[in-house]
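Chain letters run A, B, ... following the sequence lines, proteins first, then strands; residues in each count from 1. Values reported hereafter were calculated over all heavy atoms of this structure, with side chains retained and with hydrogens, waters and symmetry mates removed.
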Amino acid sequence: MRVAEIYINQINKNMDRSFDYYIPDFLEPMEIGLRVVIPFGVKNSKIDGLVVGIKESSEYKRLKNIEGIIEDYPKLNDWQIKMCYWLQKSYHCLFMEAVNCFVPSNLHIKKKKENGRNTYYMANALHEVKYYKLSGKYFKTEDYLAQIKSNATKQREILSCLEEIPVSFKELKEKTTCTTANLNILIKKGLITESKEINIRNPYKDREYQYPVNTLNRHQQEAFDSFNSYEKPSTFLLHGVTGSGKTEVYLRYIEETIKRGKSCIYLVPEISLTSQIIGRIMGRFKENIGIIHSHLSDGEKIDQWNAIKNKSVRIVLGARSAIFAPMDDLGLIILDEEHENTFKSNNRPRYNTYEVAKKLQEFHECHIVLGSATPSVSSYYEALYGHVNLLELPERVKSIPMPEIHIIDMKEELYAGNKTVISRKLHNGILQNLKRGEQTILFLNKRGYSTFVFCRNCGYAVNCPNCEISMTYHHNIKQMACHYCGHKEHVPTICPKCNSDKIKYTGSGTQKLEMQLRKYYPQARILRMDTDSMQRKGAYEETIDLFQQGKADILLGTQMVTKGFDFKNVTLVGVILADSTLNIPDYKASERTFQLITQVAGRAGRGDKLGEVIVQTYEPNHYAITLSQAYDYKGFYDQEISYRKMMKYPPFSDIIYIGFTNEDEVQVSRDCLKYYDKLYKLVKEEEGEELLREMYQPTASPIKKINKKYRWYFIIKTNHLLQYNSILNKLSEEKEIMELHSTLIIDINPNNIL
DNA sequence: AGCACGCCGACT
DNA sequence: GTCGGCGTGCTC
Ligand SMILES: [Zn+2]
Ligand SMILES: [Zn+2]
């Protein structure tokens, strides 16, 4: 019998390797990439796995037999398995975490008898979730606790956490450190009960859309022709000012690629994946469009998979995760709003979508198109000096001039006696817009009401008990909330430290701004758009629709309002405080500020009327602000790239973040230092001085604790990413490193280092 | 993930 | 002494 190498579908670092199994004759011909059911462990419990290799014999002597193949399960191709190994090695994740990018992971496997043999199939339309609650035997938690021994800490933890309302296993695991074994004991004792519920998937409903073909202007035509002149797989950067008609160019690229018999992936930031863009693409192409985002259920994912595999879907529109769509004849990958940080994953695997796309080019003859009004300096640098072709759209489609940007020095407002967050110029602009019946967008990058609540008498600040960070006051729920762990608590009316009642609220967020606006402009109809007000499903699109239809005068909100919407009647845009992004301690702060101002400014004056933008700041002379005022992308790029070069920041280096988290403050520092030492020795042995100099000393994170877990980290600013990656992979296999108690996070070029 | 093995504190 | 929770190691 032949032998199969099988990875088991278990996310666990001890299981990040293959296991050998015999292939019984009735399962031949076995193929790499198939999903199988195998007996595992002492109990031979049936578990699913992925075949990654086939060989004639095994070193290991006591092999078990594969039980069966899971029918209809998406089979991974050779290129997909190669991508998984690459993801694992490049981003330091488990192999199965990489696999789960490509295929749905929560299999619901059913068994049936056929010709006297067990065969397996998926019942993924139904996804069962286990819920737990207190049995209802007693009234108070204390009574439950009295039933178990004092040293049963895990069980006590579970009981204290549970209520009479069912809680899913997943939620319970986030709050406690329980296992199914602990829960089963409590069930046996009759203290808690278990129930199962089925997640029902709701299929995506098609609507009728129309999006007529727009004729291309000169620059668009040039961008189109240039793209077409490349036969070999190439990469392009489409740099087009806001309103220059990038979408139309993308659609032409897609049309052309489909004509050549190839398929396309069109990626947008998750937040931009709205009915507007879906409507445009569905309205243009008569083909089926696959829509992929991270909120799809496993059943929906399988549906999309099959539709792509049998080629009834040739165009996939989606957020970051859609880069893993199983296109075998990929011809084009578009990354729209290329500069957005959502193209970098913050969960394992912590991949960068552009890098994944470049890797895909090794397996597919496909073009990559990056598009943005404010390209990331790394991409622009590549376009100037690397293998990326620069395509420019320097004019707006209808030659509408860019709105004029005014910079307001808020220090001068203070001197003039204006203590509000709205400058006199912005105030007059809003009043005038209200009078003329034109719309206003206000951007403030802080949600909540007040971001810092403290006692004026003794300096006591309301900090989260789980995190070392100040909590934000939320007026809608009248509670303090932590933006890192979600913890909520009551608002102090008297200081718990000194009993003073001089509690002060500072740091205005969107909620406070909304209240102030309602006070100043009682006649105005105001909409607020931030993660808090957009919780409800569909709220985001409803708000957009309301504003689009002119049913509100002012739209205020966080990042969300900067996205590429086409509101024709918006003639005034206000940036309440540009400094809030500028002062983030991160090398990308200037870039981010420039991008935000440019993006939000692009919302003004999209119709026939001229627009105006007012940027309020305490640093009116910062180059990110003055150059965005001048719409001088190139000027900004030049300044920023010389700063990056001087400081050896990306694109002149890669930053490897190596972080540890643990509930024990001492343990986490010990583990981090130990890892650092081990790495230091290994680098010294294998590489030498040059790489050693790229390692920075470990320290506690700027936010020392998040969600009860203390954090330590160090970074490596390197020009030898490949060498470091292989050393880090080698280190992860060492026993002493495997045994570290703290959770290890390795992030290559992370979005932030908090 | 689950399960066995073995250590050690609580309780008879 | 025994019972049982909980950390550790292993699963082809
Ligand atoms: Zn006080
Ligand atoms: Zn918190």
Subject >> Candidate nucleotides C/dT11, C/dT8, C/dG5, ranked by approach to the side chain of A/Q155 - the nearest >> reply: C/dG5
**OP:** Please confirm whether A/K358 makes a cation-pi placement over A/Y354, using NZ or CZ under 6.0 Å from the six-membered ring centre and within 45° of the ring normal.
**Re:** yes
Subject >> Nucleotide C/dG9, atom C1' - distance to CE of A/M15 in whole Å >> reply: 12 Å
Original post:
Taking the side chain of A/N182 as its heavy atoms from C-beta onward, which of C/dC6, C/dG9, C/dC12 lies nearest to it?
Top reply: C/dC6
**OP:** Indicate, with a heavy-atom threshold strictly under 4.0 Å, whether A/K154 touches base, sugar-phosphate, or nothing.
**Re:** sugar-phosphate
Original post:
With the sugar-phosphate defined as primed atoms, P, OP1 and OP2, and the base as all remaining atoms, what B/S/- string results for nucleotides 2-12 of chain B, 5' to 3', for protein heavy atoms under 4.0 Å?
Top reply: SS---------
Subject >> Close approaches to DNA chain C from residues 20-31 of chain A, in residue order (heavy atom, under 4.0 Å) >> reply: A/D20, A/Y21
Original post:
Reckon A/I11 touches a base, only the sugar-phosphate, or nothing at all at heavy-atom distances under 4.0 Å?
Top reply: sugar-phosphate
Subject >> Integer-rounded Å distance: C/dC12 P and A/L50 CG >> reply: 18 Å
Original post:
Looking for any heavy atom pair under 4.0 Å, which part of the strands does A/R156 touch: base, sugar-phosphate only, or nothing?
Top reply: nothing
**OP:** Starting at atom CG of A/L94, determine the distance to atom P of B/dA1, rounded to an integer number of angstrom.
**Re:** 11 Å
Subject >> Those residues that, when tested against A/C101, pass side chain to side chain contact (heavy atoms under 4.5 Å, CB included) (two or more places apart) >> reply: A/F324, A/P349
Original post:
How would you label the contact of A/T153 with the nucleic acid (heavy atoms, under 4.0 Å): base, sugar-phosphate, or nothing?
Top reply: sugar-phosphate
Original post:
Given C/dG5, C/dC6, C/dT11, which nucleotide is nearest the side-chain atoms of A/F40?
Top reply: C/dT11
**OP:** Write down the distance between CZ (A/F19) and P (B/dA1), rounded to a whole number of angstrom.
**Re:** 14 Å
